[in-house]
Amino acid sequence: MNTTFLPVNPPQRLLMGPGPINADPRVLRAMSSQLIGQYDPAMTHYMNEVMALYRGVFRTANAATLVIDGTSRAGIEAILVSAIRPGDKVLVPVFGRFGHLLCEIARRCRADVHTIEVPWGEVFTPQQIEDAIRQVKPRLLLTVQGDTSTTMLQPLAELGDICRRHGVLFYTDATASLGGNLLETDAWGLDAVSAGLQKCLGGPSGTAPITLSASMVEVIRRRACVEAGIRTAAHQDGDDEMIYSNYFDLGMILDYWGPERLNHHTEATSALFAARECARVIGEEGLDEGIARHKLHGDALLKGIQGMGLETFGNLEYKMNNVLGVVIPEAVNGDQVRKLMLEDFGIEIGTSFGPLAGKVWRIGTMGYNARKDCVMQTLSALEAVLNRLGLRTTQGAAMQAAWDHYSERC
Ligand SMILES: *Cc1c(COP(=O)(O)O)cnc(C)c1O
């Protein structure tokens, strides 16, 4: 066995895929701070600050706003395993891969899962969702806001009212969209939202910010009482099932983050520092200004790709600001293009899954990489690689189109 291990020294990459992306250097610096004990007043103060900062990012007054230690799906799983009782009906509008993930996790929670689907590259109308709610009568509506697998952004603004009228709890996975696209937790009537740091929030994966409405907290608290052997008047049929996870039991996690500070896990300190710095940086720029920045650079990339003569994927009216699907021209091999981009330019762009595998690249402009220099470098590298592989494009057209877009806007 080779016993010489060199220090960690990863190659320099520009990550322009659908996530993860390069972390903001300020976030990396915050993560290198020394550790402190989990009940040190300085630590609990940071935890309270993280709650306050993410209320700003989620646009909510929810007291129950905190971070789950784990990647984005830890946030999804914590919410679903804590909210869904076995046998509960849930409705999942599926418009890409992450809708299927919600179905899979909900099935593991023993939910009775109902789906509606649209072709990849499209989204649902509020009417389609309301019709399905009428038919299925679910207890929860589980949605994805931005599905990076198709680059589509599901409009959510009107769904909260529909859910309230039908007595349905409303959840969305905003991992890929939060910080780069508008999300209004309170104004849109969302009961639960989860996210992750590695997309528009500009941090590393490993932390999942979540927020829960008072009604969602009540649902979870009722089950916590059952676990403790306490039956209250609030218990209805079907409430007598405990949460089948310790790590993701939001009742216990809320008691850890709340004034009781009941021991649950050991909060991941370095990850907490990262999450705090991501939200602080967003607050410093301004959430609306950050969303506008994602739109500016996302549109510049789109103009550049169109200027190069390439076709885009999906209904552009509902495209996320921060990721673009590009149809792979028949004349080239998509993986060979990605390989040359990585090896010769140090730039990573994304491939696709399922029905889009081998047909679409996904190029992201998000978080720290939603910048003009990143867009221009990616366009020039892609143009060079395509021409190298024999796909003739008008040299320089992509960059000129992106420049034109910037000079019209700035
Ligand atoms: C990227 C993404 C995730 C990622 O989940 P991880 O557990 O952090 O890998 C989840 N949901 C959506 C919608 C995403 O785009």
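Just so you know, residue 1 is the first one in the sequence shown, and it goes up from there. Order of appearance sets the numbers: ligands from 1, and atoms from 1 within every ligand.
Proximity of a side-chain donor or acceptor of D191 to a complementary backbone N or O of F170 within less than 3.5 Å is detected. The main-chain N or O of T393 is found under 3.5 Å from a side-chain atom of N387 such that the two form a donor-acceptor pair. With hydrogens and angles ignored, the 3.5 Å screen pairs a side-chain donor or acceptor of D147 with a backbone N or O of S149.
Of all protein heavy atoms, the one closest to atom 7 (O) of ligand 1 is T71 OG1, 2.6 Å. The closest protein non-hydrogen atom to atom 10 (C) of ligand 1 is F98 CE2, 3.5 Å. For atom 11 (N) of ligand 1, the closest heavy atom belonging to the protein is D173 OD2, 2.7 Å. Shortest contact from atom 1 (C) of ligand 1 to any protein heavy atom: K199 NZ, 1.4 Å.
Less than 4.0 angstrom separates some heavy atom of T148 from each of these atoms of ligand 1: 14 (C), 15 (O). The A176 neighbourhood of ligand 1 comprises atoms 15 (O), with distances under 4.0 Å to a heavy atom of that residue. Atoms of ligand 1 found under 4.0 Å from any heavy atom of S72 (numbered from 1 in listed order, with element): 4 (C), 5 (O), 6 (P), 7 (O), 8 (O). Here is the list of ligand 1 atoms found below 4.0 Å of a heavy atom in G146: 13 (C).
Both the sub-6.0 Å distance and the 45° axial angle are not jointly satisfied by R55 relative to the ring of F58.
Taking 4.0 Å as the cut-off between side-chain N and carboxylate O, E130 and R165 count as a salt-bridged pair. Of the charged side-chain nitrogens involved, at least one lies within less than 4.0 Å of a carboxylate oxygen, so that R222 and E218 count as a salt-bridged pair.
Taking distance alone, with nitrogen or oxygen atoms compared against 3.5 Å, R73 approaches ligand 1 more closely than that limit. Remark: ligand 1 and S205 share no N or O pair separated by less than 3.5 Å (distance only, no angle test).
Side chains of D186 and T60: a donor on one and an acceptor on the other come within 3.5 Å.
Residue contacts with ligand 1, taken as heavy atom pairs separated by less than 4.0 Å, involve Q198 solely via side-chain atoms from C-beta onward.
Assignment of S149 to the shell around ligand 1 is not supported, since no heavy atom sits closer than 4.0 Å.
Ring planes of Y256 and H264: tilted class, angle from 30 to 60°.
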